[in-house]
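Let me give you the structure first, and then I'll get to my questions.
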Protein chains: 2
Amino acid sequence: MDSEKLKLISKISRLYYLGSFNQQEIGTKLGISRTKVSRYLDLARREKIVEIHLNLPEGQFSELEFGIEKRFGLGECLVVASYEDKNETFKAAAARLGSKLERILERGSYIGIGWGTTLKNVADRIQVGKDYGQKVVPIIGGLGKIGTGVHTNQIASTLANKLGGISYMIHSPGVLDSREAREIIENDSNTRETIELSERVETAILGVSDIGPQSTLLKSGNFKEEEFEYLKGLGIVGDINLNFIDRHGRHVKNRLDGRLIRVPLDRIKKIKNVIVIGFEKRKVPVIRGALMGQAINTLITDEETAKNILGS
Amino acid sequence: MDSEKLKLISKISRLYYLGSFNQQEIGTKLGISRTKVSRYLDLARREKIVEIHLNLPEGQFSELEFGIEKRFGLGECLVVASYEDKNETFKAAAARLGSKLERILERGSYIGIGWGTTLKNVADRIQVGKDYGQKVVPIIGGLGKIGTGVHTNQIASTLANKLGGISYMIHSPGVLDSREAREIIENDSNTRETIELSERVETAILGVSDIGPQSTLLKSGNFKEEEFEYLKGLGIVGDINLNFIDRHGRHVKNRLDGRLIRVPLDRIKKIKNVIVIGFEKRKVPVIRGALMGQAINTLITDEETAKNILGS
DNA sequence: CCATAAATTGCACATCCGTGCATCAGTAGC
DNA sequence: GCTACTGATGCACGGATGTGCAATTTATGG
């Protein structure tokens, strides 16, 4: 590039970024059109005559967050540190979830809630600054023994308390013994009324399960090992809200589907904010699936898991 | 500031400056209003979370240029290196003048031209890329012996050739022996026609003189030493287009004024672009005066002089 | 030299962005 | 508890900015 042009571009950049002149003023001052100033500024940025540097505070995992958002076209990713003590990780995740909720929740709106160990632990630790009058609705049938706290009703109740709102309950299991039982229960008004509330849900908070030996789904006795093996055989990597998906996030039809009570995946995809919380290596494939399938808008995870998600 | 807020601001900054999202998109993505995004970005810049750095090529004296522009509210300052060999300085100044003219000149418009050693040397060395069809008009009477090349007519002619245009001539001296002589000459149609052309001038290129022993004004015999002493006594620091000014750039009435033929200062101030070229320490006070008095829009000088201009 | 392609330019438009203002939530003092 | 103050918020407006387009200029090939 011509040296005089370079000098001109430098001068424009200086006036624009360091001085407080707008493009019109610079154009008039230097005897060129405003359009040209705009284009030269663009050139200056592209040629790195102007560099924009971010002093991002350390330890924030912005790189990981940004990387995941970019790679999967995700709305927002929140990464917390991976602590030795899992409780610390839960606490950190709870803090990020709280701040996210404070941003997005509107007074009195409906929150859909899933189930599981992760969700329980995060819900227990969440803190928000004021009362939001939320209505917290289960969007899945009951799973896990009552008393362990991982049941959706209990998590909904905890969260409603923390957010200063009310919670609804679902009075049916998530996994029935037969298709017929599921049909009867699902059509019962008790269940229907709760499930229909999910139509109003603008924000859903969900966990994900893998289908390995450590999954609460298995440990709590809802499924048998051979069923997991069968699911694996279909290419399934885990579930999101009891919707079994493959590594591309596609729901895979299977013989268990007919026995489940939960809001199905295609309806979840219509919810404005779907927040998934998930840690640990075993969950990486299912989280990836959820991301690939564009099923969720927000992911909360920890550093290690985030790295694994990004790792090819 | 709250750590969660900081994280949010970092994220916004990243999406805005490194990603290619606009404020609306970021707001939607993160669940906040666009206004808030705008204000957080402002905060990020003020708190230096976002830093804008200019990679200004070295050796350009941008600091000096910017300093003078800022201190005196000058439109544009162009600084060239101070070479041992004055010819080099003239050459560099000619290059900057040329590029400036290429920016601001419109085809067929009028250029007003002064006189002097500096102007002669710069005009001799100027190069432009194409023909502008300029009309070059003297805006001062003749000064300096013909043949030395410092006469306004000769400079006008040189410049017109370089710019691919035509030049006009003035057929009267700049300094007359008496007020009566000046009146007669000035009212003569030959002079009047040329001087009236100055009304059309949109760009003027001028030198400045000090009133010391090295001034061409003195050396060429237009003024006597005792006249300079008299002018100094009035607080005059030099002249711009034969308008004697004090250190604040104010025109100072004096007994010589009546004998001069030149476009007066108040009319010069109405010209859109007034470019002054001046080097050397002796000219610092008069250049400062011209700057203070807001008489000019553009100053072309060299590093050393620029430093002296800025030095308190 | 002309003809064609490529680049530059300014205009006009649509979008984008900063900011005054009114409103609302949070806080401190009584 | 009430009131007054401070700060945060969103709306709406107008100014600031980027960009498609057509016209012009410049470079390239014949």
Side-chain angles (χ1 to χ4, degrees), chain A residues 1-2 4-6 8-9 12-47 49-50 52 98-109 127-134 163-165, chain B residues 1-9 12-47 49-50 52 98-109 127-134 163-164 202:
Chain A
M1 189 190 310
D2 170 6
E4 277 298 331
K5 187 169 171 186
L6 198 62
L8 181 57
I9 292 178
I12 290 171
S13 301
R14 177 163 220 133
L15 291 167
Y16 189 74
Y17 285 107
L18 303 186
S20 51
F21 298 95
N22 64 35
Q23 298 183 357
Q24 185 59 66
E25 288 167 333
I26 294 171
T28 308
K29 210 175 168 63
L30 305 186
I32 54 182
S33 71
R34 210 235 351 125
T35 310
K36 210 163 176 176
V37 174
S38 177
R39 287 189 173 121
Y40 277 171
L41 282 170
D42 182 48
L43 194 60
R45 286 183 294 260
R46 279 187 286 114
E47 297 290 330
I49 293 168
V50 170
I52 295 175
S99 113
K100 169 92 187 179
L101 290 177
E102 289 188 351
R103 289 208 305 266
I104 62 174
L105 290 185
E106 283 169 43
R107 247 203 95 67
S109 63
Q127 288 178 1
V128 292
K130 56 180 176 178
D131 284 6
Y132 286 88
Q134 294 302 135
L163 297 178
Chain B
M1 190 190 311
D2 172 5
S3 145
E4 277 299 330
K5 187 170 171 184
L6 197 61
K7 284 174 190 163
L8 181 59
I9 292 177
I12 291 171
S13 302
R14 178 162 218 132
L15 290 168
Y16 190 74
Y17 286 108
L18 302 185
S20 52
F21 298 94
N22 65 35
Q23 299 185 353
Q24 185 59 66
E25 289 167 332
I26 296 171
T28 307
K29 209 175 169 66
L30 305 186
I32 54 182
S33 71
R34 207 227 4 116
T35 310
K36 210 164 176 174
V37 174
S38 177
R39 286 188 174 123
Y40 278 170
L41 282 169
D42 182 49
L43 194 60
R45 286 184 294 260
R46 281 189 284 112
E47 297 290 330
I49 293 168
V50 170
I52 295 174
S99 112
K100 169 92 187 179
L101 290 177
E102 289 188 350
R103 289 209 305 266
I104 63 174
L105 289 187
E106 284 169 42
R107 247 203 96 66
S109 63
Q127 289 177 0
V128 292
K130 55 180 178 181
D131 282 6
Y132 287 88
Q134 295 301 134
L163 298 179
E202 290 185 353

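Naming convention: chains lettered A, B, ... in sequence-line order (proteins, then strands); numbering from 1 in each chain.
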- Task: Return yes if a side-chain donor-acceptor contact under 3.5 Å exists between A:Gln24 and A:Arg34, otherwise no.
- Result: no
- If you draw a 6.0 Å radius around CD in B:Glu202, do more than 12 non-hydrogen atoms from other residues or ligands fall strictly inside?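 Yes - once you tally the heavy atoms of other residues, nucleotides and ligands closer than 6.0 Å, there are more than 12.
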- Message: With a 3.5 Å distance limit and no angle check, can you tell me whether A:Gln134 reaches the backbone of A:Gly165 through a side-chain donor-acceptor pair?
- Response: no
- Rounded off to whole Å, could you give me the CG-to-C1' distance for the B:Asn22 and D:dT19 pair?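 Taking CG of B:Asn22 and C1' of D:dT19, I get 15 Å after rounding.
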- Between C:dT9 and A:Ser33, is there an OP1 or OP2 to side-chain N/O distance shorter than 4.0 Å?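 Looking at the OP1 and OP2 atoms of C:dT9, neither is under 4.0 Å from any side-chain N or O of A:Ser33.
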- Of all the nucleotides listed (C:dG10, C:dT9, D:dG10), which has the minimum atom distance to the side chain of B:Thr35? D:dG10
- Would you mind reading off the distance between B:Glu102 atom CD and C:dT9 atom C1', rounded to a whole angstrom?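 About 15 Å, once rounded to whole Å.
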- Query: Is there a side-chain contact between A:Lys5 and A:Leu43 (heavy atoms, below 4.5 Å)?
  - Reply: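 Counting from C-beta outward, A:Lys5 and A:Leu43 do come under 4.5 Å.
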- Item | Beyond-backbone contact of A:Tyr17 with A:Arg45, side-chain heavy atoms, under 4.5 angstrom |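 Touching, per the 4.5 Å side-chain cut-off.
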- Message: Taking any heavy-atom pair under 4.0 Å as a contact, classify B:Ser38: base, sugar-phosphate, or nothing.
- Response: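 Base, at least one base atom sits under 4.0 Å.
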- Counting heavy atoms from C-beta on, name the nucleotide in C:dC11, C:dA12, D:dA12 closest to the side chain of B:Arg34.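 In terms of side-chain proximity for B:Arg34, the closest of C:dC11, C:dA12, D:dA12 is D:dA12.
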- Message: Output the rounded distance in Å from NZ (B:Lys36) to P (C:dG18).
- Response: 17 Å
- Item | Distance test, side-chain N/O of A:Gln23 to OP1/OP2 of D:dG18, below 4.0 Å |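 Answer is yes, contact under 4.0 Å.
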- CD1 of B:Ile32 versus C1' of D:dT9: gap in Å, rounded?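 Whole-Å distance recorded here is 12 Å.
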- Spacing between A:Gln24 atom CD and D:dG15 atom C1', to the nearest angstrom: 11 Å
- A:Tyr16 has a side chain; which of C:dG20, D:dT17, C:dA12 sits nearest to it? D:dT17
- Query: B:Arg39 has an atom CZ; how far is it from atom P of C:dG20, in whole Å?
  - Reply: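 Distance, rounded to whole Å: 9 Å.
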- Message: Is A:Arg45 close enough to D:dG18 that one of its side-chain N or O atoms is under 4.0 Å from OP1 or OP2 there?
- Response: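 So the side chain of A:Arg45 is within the cut-off, an N or O lying under 4.0 Å from OP1 or OP2 of D:dG18.
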- For B:Ile26 and C:dG18, what is the distance between atoms CD1 and P respectively, to the nearest whole Å?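 Answer to the nearest Å: 11 Å.
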- Measure from CD1 on B:Ile12 to P on C:dG18 and round the result to the nearest Å. 12 Å
